[in-house]
Asks: 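Take a look at this one; I'll ask things after.
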Amino acid sequence: MRIRMLVQMPPGARRNGQPWPDKGKAEDIPTGEARHLVAAGVAEPVAAQRRVKTKKEAD
């Protein structure tokens, strides 16, 4: 699930050994974890963006 962080996590904070995404940055996070972050108010879901192929790409 793609989320956008609404808060900046403290310096040195980690999730599964990786630094948290910066405030305002969108990132793919496992669905269960993402739902928890959204429910806690520290992240918001990001709608999937559909990319339209250009005529040249479609050929």
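If you read the sequence from its start, that first residue is 1, and numbering goes on from there. Source: prediction; values computed, not measured. Just the heavy atoms: all of them, side chains too, but no hydrogens, waters or symmetry mates, feed the values below.
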Asks: Taking only residues two or more places apart in sequence, or in another chain, which ones meet Asn16 in a side-chain hydrogen bond (donor to acceptor under 3.5 Å, both in side chains)?
Replies: none
Asks: Less than 4.5 Å apart, side chain to side chain, heavy atoms only: is that true for Asp22 and Gln8?
Replies: yes
Asks: State plainly whether one hydrophobic cluster holds both Val46 and Met5, where clusters connect Ile, Leu, Val, Met, Phe, Trp and Tyr through side-chain heavy atoms under 4.5 angstrom apart.
Replies: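 Cluster IDs for Val46 and Met5 differ.
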Asks: Under the side chain to side chain contact (heavy atoms under 4.5 Å, CB included) rule, collect the residues that match up with Ala39, sequence neighbours excluded.
Replies: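 So Ala39 forms no side chain to side chain contact (heavy atoms under 4.5 Å, CB included) with any residue.
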Asks: Any chance you could measure Lys23, atom NZ, to Leu6, atom CG, to the nearest 0.5 Å?
Replies: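 Lys23 NZ to Leu6 CG: 8.0 Å, rounded to 0.5 Å.
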Asks: Taking C-beta and beyond as the side chain, do Val42 and Trp20 meet within less than 4.5 Å on heavy atoms?
Replies: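 SC-SC contact between Val42 and Trp20 ruled out.
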Asks: If every non-hydrogen atom of Arg14 is compared with every non-hydrogen atom of Gly17, which pair is closest and at what distance?
Replies: CD-O, 3.7 Å
Asks: Which is it for Arg4 and Glu27 under the salt bridge (charged side-chain N to carboxylate O under 4.0 Å, His left out) test, yes or no, and what are the steps along the way?
Replies: CA-CA 6 Å; Arg4 179 176 298 108; Glu27 191 166 309; over 6 Å; no
Asks: May I ask you to test the Pro45-Met1 pair for a side-chain heavy-atom distance under 4.5 Å?
Replies: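 Yes. Closest side-chain heavy atoms under 4.5 Å.
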Asks: Would you check if Arg15 and Ile29 make a side-chain contact, meaning some heavy-atom pair closer than 4.5 Å?
Replies: yes
Asks: Please round to the nearest 0.5 Å and tell me the distance separating atom CD of Glu33 and atom CD1 of Ile3.
Replies: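 Between atom CD of Glu33 and atom CD1 of Ile3 there are 8.0 Å.
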